[in-house]
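Quick note on labels: first sequence line is chain A, next is B, and so on, each numbered from 1.
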Amino acid sequence: MYSAMPLLLGRADNLSSGESHCCTVGDPVRTLSFMDDADLRELFRLMVVTRRLDEEAVALQRQGVLPAYAPVRGQEAAQIGSAAALDRARDFAFPTYRELGAAVALGVDPVAYMAMHLNIWHGGLYDPNVARLAPPNAVVGGPVLHAVGWAMGAKLDDTGGAALTYFGDGASSQGDVHEAMNFAGVYRLPVVFFCQNNGWAISLPTGSQVAGGSVAARAAGYGIEGVRVDGNDVTAVFEATRAALEHGRAGGGPTVIEAMTYRLGPHSTSDDPSRYRSAEEERLRAEQDPITRAMRSLSAEEIADVEEHAADVVRKTTAGLHAMQPPPADELFSFVYREPTAALLDQHRAWKESQDA
Amino acid sequence: MYSAMPLLLGRADNLSSGESHCCTVGDPVRTLSFMDDADLRELFRLMVVTRRLDEEAVALQRQGVLPAYAPVRGQEAAQIGSAAALDRARDFAFPTYRELGAAVALGVDPVAYMAMHLNIWHGGLYDPNVARLAPPNAVVGGPVLHAVGWAMGAKLDDTGGAALTYFGDGASSQGDVHEAMNFAGVYRLPVVFFCQNNGWAISLPTGSQVAGGSVAARAAGYGIEGVRVDGNDVTAVFEATRAALEHGRAGGGPTVIEAMTYRLGPHSTSDDPSRYRSAEEERLRAEQDPITRAMRSLSAEEIADVEEHAADVVRKTTAGLHAMQPPPADELFSFVYREPTAALLDQHRAWKESQDA
Amino acid sequence: MPELSLQQALNTALRHACEDDDRVLIFGEDVGTLGGVFRVTDGLQDKFGEQRVFDTPLAESAIMGMSVGLAMAGWRPVPEIQFDGFSYPAIDQIVNQVARMHYRSRGTLGMPITLRLPSFGGIRAPEHHGESLESLFAHVPGLKVVSPSSPSEGYHLLRQAIADPDPVIFMEPKSRYWQRENFDPAAPVEALPVGRSRVVRRGRHATLVAWGAMVSRCEQVAQLAAEDGVELEVLDLRWLKPIDAEGLAESVARTRRAVVVHEAPLTAGLGGEVSALITERCFGEMRAPVQRVAGFDVPYPSGSLEDEYLPSIDRVLTAVQTALEYRRG
Amino acid sequence: MPELSLQQALNTALRHACEDDDRVLIFGEDVGTLGGVFRVTDGLQDKFGEQRVFDTPLAESAIMGMSVGLAMAGWRPVPEIQFDGFSYPAIDQIVNQVARMHYRSRGTLGMPITLRLPSFGGIRAPEHHGESLESLFAHVPGLKVVSPSSPSEGYHLLRQAIADPDPVIFMEPKSRYWQRENFDPAAPVEALPVGRSRVVRRGRHATLVAWGAMVSRCEQVAQLAAEDGVELEVLDLRWLKPIDAEGLAESVARTRRAVVVHEAPLTAGLGGEVSALITERCFGEMRAPVQRVAGFDVPYPSGSLEDEYLPSIDRVLTAVQTALEYRRG
Ligand SMILES: Cc1ncc(C[n+]2csc(CCOP(=O)(O)OP(=O)(O)O)c2C)c(N)n1
Ligand SMILES: Cc1ncc(C[n+]2csc(CCOP(=O)(O)OP(=O)(O)O)c2C)c(N)n1
Ligand SMILES: [Mg+2]
Ligand SMILES: [Mg+2]
């Protein structure tokens, strides 16, 4: 487990990669070309792992271990279903700050992922190139353009790779998202614009955010595909994403997928949703909880098995987080440039002297 | 005429306003609620004035009088037709750098307008509040958001006023334009997004600019009205704009109008279109020249009359431009703040001393 | 006399501004129902209605571009951008439009816009939530920039910013939102001109120049230094544009040494400007070059490295010592 | 030896960069068929094809955001933003993404991006076409910033910028595009490290510090001063991040006086940083405070006022005189 490593020093190639620790989490989902029962159960399993990790993260925040956390509760099907459709040999995904489920599906070590919430490192500690998952991005709308550039790069290299970018209903208001859809449309790039419409952007409901009411409906204006799916139905999400990725690979250009789901928790652990939405709304939406739905199709035995596995992952993750040391203070000066500039070396030196003094 | 004024000193309220000099240009178009033959002839007249002024500006640039100029040739119907639909008692228009025709229709003194191209003042010398025309804006996409804010202000004051914002096919790619449409849609504001699709953004043809091929088609994604009109047909443009303004006033929200036209000239006087488009294309598009089209419905006598009027406006404008003095150098320090800061006064003083030394 | 936190003082200032001038509009992401992520606009929508206090969709460029249009229509916009680092998407509207429309229009279109911007670091927040943009803003002709260092300062400076006819960037030191002070916002105060600094503590051995959250840090330093018999003057710059060059010169001409402290990265930070202004005016009197203590030239780090990044009491003390011990070579 | 204009030298550098490294991509508004509004990319699309040299739709944020993704996919993007003033819409991507992705990813995602930015004023262009953004960029950790002052400098610095593994903002002084110089781009040159300044003219009475188009203005000043027996050193800073603090100190330690000249507005301009760096290092040796000659704190004006705005020979000479005549009070 990552946290067993003595120090966080050095470049990320010394650090935890999803590859080497994923076994503790549950195998990263293999690339599925169609979905059979076994696959579906694997997705359920990952969803439950995500839910339990999410609950644990909230608990750890309350205990003061994590300074803050952005719960993913309610969006597990949307994230697992979409990430599971990626071909990890050639695709790449671009998350926001709320994509624990995608990380889990891509086999990222939860400890390396959570390091971000532990205030260890903004981008987490996983290697994005191995995980095929960019570092979490806190600028709403910002990473969407990266997916477009990445897809162009993949197309120029003719790798058959496609990009999938996560964004929220709130993010759909950002100019960058429009520019991204337009660029991807003009160049017909293999990009899946995966919008998790979870009903809220902090306190603003989608109805006051998205003129016209639908992010998927924007696609037609760019001459590209747009689909809405039930974001709480992991199979539907998976199928829509798989189709969109194939469409992109085949030269059909980008697709906007709007996965209709719900943020069951607060925006973050410092948010208080009772200020802007009713308990009644929350209760009603909880009835469509994707985990409850998934559980329904599992036997008691299967559930027990899944929960046991999830509990194991949670235990290890918690232990890992407890064991994790803050980065050595010297890292303050690392990674700014490929090689530090003279000015930075000077500042580092002065800082070190003041430490020793 | 403005240029007869001794100096460009002082605040703009001392300066030329469209109001006081418009008689030399042709009356500003009165607000038309429907269009009869006389009205149509008035629009033709303004179109011809615009064309002749435009030609003169190009000539003046060649003679070295104007440092540079952005020709409007070919877009006269789109601009006159749309601006003529505005109610100058309550509406407001937001131009780019290529809206001579709109300025003419709103009765702006051409000399005050051209002062921008004469490098006198970036925003020209007309009073925007009188002209109901914001200062020309050189940031592609930038002013579109101002129209949204202005429309919200008008709505809060319940004036019945609507905003009309000009932008190009190129500008439609900017994030600001998307954000503007979304905000206007969410708040259901009386804004007309008037896109002059003139086929080109400098060297990029619309086909490589606008994914999906139509700016009007973007409207549906925001749940708002979108129409395409023949931008070379002044009546069609007028009617579409009038309808959109009324729709906005009635609380129906914004409308996107895409006026299909063509930039018959170069992007600017320093541009060389032969590098990116064929003479054949230009010749074909010249056949749809809105001025030729307008002329067809006028008698020889009417044409002679219109041309005489236009020639008169051109003569006066040219004389005005020739007579115009550069602003006093002191103006370098003016208008930065409502009242200059101490630092600015210091800099002004030091500069003056260096002048006197 | 009520005890108010900075957050409450700002909330009160907004309330009073809305009461005094019905052209004041407050808007931004989550400022309505929620009352802002820091609750600075708490209760204002209830009091003034959804027309005067409203939520916007999530787009900072639109928030500022809309402000320009509202100002053109005669309103007095007080937009909020939720966090410092998210003003970057709005920089074009701020620099090319907000700051220039008055100039471009030769004074015919006023831009009385106050952008409220929770700023600076110190609260162990996620990426982009701890930035200091003052040197960017201070460089832009047409903008004014101010940052309060205490609840009473917050109240009065925000009222002054909103009343000002020009665009003001109001940088709220978020790590000080919960700092408390006894003062009566209703009590009349002498109106200071825009751009005036404030001597927070008198001293004679060196001047510490700071703004925002670093003011109280400098006060701590002065306290400690006093125990060693070193009397430090603490100058709260307050206005970062226009900068009070006279106030700086007056202080340093007396103390003959200066240390400027800020959170932003050193290079091209406002400390360079302050250093140059002081040196230009006091070169003859100065006993040591102006010392700068600033954030390092690195991205604002994650929480676990934050204390190392921010100017610490030790680093400021070291700089003071360097200034005091300086001997011309 | 061929005579090349700056514009031709840059064009040649791009051509050679594309030839030497097939991961180099060139894109931006009108850079393809048209060859750029300044013809800096002229002929490159014909030579390298539409995959390597291509036009983008009109959106600067997208141009930079796309660059980030291309770099993540292993390409070496060389985007152009058409004019200085239109980089504001891309500032968020530049500051929050381009400059930080390497840091955020702990060095796993390199960002070898060179943004070519026609910069500065002096050509009587429309609004937003004469801006100097160096102090904004130089403040951002993770960016490097450079501006050439001559055709040969342009060639070599652009090659160096493109070869650099980090993001570089390459500010082309557009008023110098047509300046010519005899030099052979193919001739091997000693590779200088990033951040090294260049003494353009030796002198002993004061150092003029400049970059971009102001370098030749300072050379003119030095020429004139020489006629009066005043020997001015002219230092071309070249790299505006990282800044050559050693080079500055070495020069001013000899001349004991310095004048820094730039086009950007004075307040919070890079002149403050240069002034502070020099003063911190040379206080003891200096005979006068560093003088700053800069644009005024006003928006870049329309053409008819441009000559008054830009640092003139007279204004620089006056500052030199002030420095020479300075007596400690
Ligand atoms: C550019 C930007 N503006 C503001 C914020 C502050 N902020 C963080 S999350 C959020 C709401 C995002 O809503 P949405 O896109 O729907 O995603 P969700 O939180 O629902 O997953 C806001 C306003 C930000 N991170 N980035
Ligand atoms: C934000 C911004 N980027 C780039 C430019 C440079 N530029 C000026 S006009 C233009 C093309 C605009 O095309 P379009 O919107 O179609 O308007 P048109 O020129 O055809 O009227 C460009 C790229 C600019 N003015 N503003
Ligand atoms: Mg959401
Ligand atoms: Mg066009």
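- Residue contact with chain D, scored on non-hydrogen atoms closer than 4.5 Å, involves the backbone of A:S334 exclusively.
- Distance alone, capped at 3.5 Å, places no donor-acceptor pair between the D:Y103 side chain and the A:H122 backbone.
- Scanning both residues, A:E339 and D:D166, for their nearest heavy atoms gives N-OD2, 4.4 Å.
- D:S61 OG to A:Q174 CD: the interatomic distance, rounded to the nearest 0.5 Å, is 9.0 Å.
- The candidate with the highest count of non-hydrogen atom pairs below 4.5 Å against chain D, out of A:V148, A:D346, A:N137, is A:N137.
- Considering all non-hydrogen atoms of both residues, D:T108 and A:N129 come closest at O-ND2, 3.1 Å.
- Of the inter-residue distances, the one linking D:M66 atom CE with A:L145 atom CG reads 9.0 Å to the nearest 0.5 angstrom.
- Within residues 85-93 of chain D, the residues that have a heavy atom under 4.5 Å from a heavy atom of chain A are D:D92, D:Q93, listed by number.
- For the residue pair D:P57 and A:V186, the shortest heavy atom distance occurs at CG-CG2, 4.1 Å.
- When all heavy atoms of A:R338 and D:G110 are compared, the closest pair comes out as NH2-CA, 3.9 Å.
- Interatomic distance, CD of A:E179 versus CE of D:M64, reported as 12.5 Å (0.5 Å rounding).
- Most heavy-atom pairs under 4.5 Å with chain A: of the set D:T56, D:D244, D:I243, this distinction falls to D:T56.
- Atom CZ of D:F54 is separated from atom OH of A:Y187 by 5.0 Å, given to the nearest 0.5 angstrom.
- Of the atoms belonging to D:A59, heavy atoms from both backbone and side chain fall under 4.5 Å from chain A.
- Neither the backbone nor the side chain of D:S67 comes within less than 4.5 Å of any heavy atom of chain A.
- Here the straight-line distance linking atom CZ of D:R106 with atom OH of A:Y126 works out to 13.0 Å at 0.5 Å rounding.
- Summarising the geometry of D:W75 relative to A:L156, their closest heavy-atom pair is CZ2-CB, 3.4 Å, with the distance given to 0.1 Å.
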Distance-only donor-acceptor pairs under 3.5 Å for side chains of residues 21-28 of chain D, two or more places apart:
from	atom 1	to	atom 2	distance (Å)
D:D21	OD1	D:R23	N	2.8
D:D21	OD2	D:R76	NE	3.3
D:R23	NE	D:G74	O	3.2
D:R23	NH1	A:D157	OD1	2.8
D:R23	NH2	A:D157	OD2	2.7

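- Heavy atoms of D:M111 lying under 4.5 Å from chain A are absent altogether.
- Here A:F335 contributes atom CZ and D:L109 contributes atom CG; the two are 12.0 Å apart, rounded to the nearest 0.5 Å.
- Heavy atoms of other residues, nucleotides or ligands lying less than 6.0 angstrom from CD of D:E19 number more than 12.
- Pairing each heavy atom of A:H146 with each of D:G65, the nearest pair is CD2-O, 3.4 Å.
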